[in-house]
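Working notes, structure below.
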Amino acid sequence: MREKLVCRACDAITQPPARTRGARDAGPRLLAHVLLAKYGLHLPLHRQGEVYQRDGIDLDVSTLQIGWEAPPKPDAAG
């Protein structure tokens with residue numbers, strides 16, 4: 001919820017712009033959704049970015065890739 005400000009001189013009501021959310025604001029639900037789509041549904045990150053764009057969420061592929069590493073490959077000798 002954002003606060004509304006009233007000018008005492010002219011009684012105009014203003015509201016500051018909404019805070020933009022960044023990758024650091026991602027919660028556990030978004031993380032779980034990205035993980036499920038990437039590893040469970042085999043949906044590449046660039047396609048996930050397109051889905052988020054259609055839903056009005058501005059998440060770039062580079063944002064989704066931050067901190068991601070490929071899972072370790074099983075040892076062929078073992």
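Computed from a prediction, not measured in an experiment: that's the story for all the values here.
- Taken to the nearest 0.5 Å, the CG atom of Asp11 stands 11.0 Å off from the CZ atom of Arg8.
- Leu45 and Val51 end up in different hydrophobic clusters when Ile, Leu, Val, Met, Phe, Trp and Tyr side chains are linked at under 4.5 Å.
- Legend: residues meeting side-chain contact (heavy atoms from CB on, under 4.5 Å) with Leu5, ordered by chain and number and at least two apart, are Glu3, Thr14.
- Under the side-chain contact (heavy atoms from CB on, under 4.5 Å) criterion, Leu43 pairs with Ala37, Arg47, Gln48, not counting sequence neighbours.
- Taking the side chain to side chain donor-acceptor pair (under 3.5 Å) definition, one finds that Glu50 meets it with nothing, sequence neighbours left out.
- In this structure, the side chain to side chain donor-acceptor pair (under 3.5 Å) partners of His33, at least two apart in sequence or on a different chain, are Tyr52.
- In the hydrophobic clustering, Val6 connects to Ile13, either directly or through intervening members, whenever side-chain heavy atoms lie under 4.5 Å apart.
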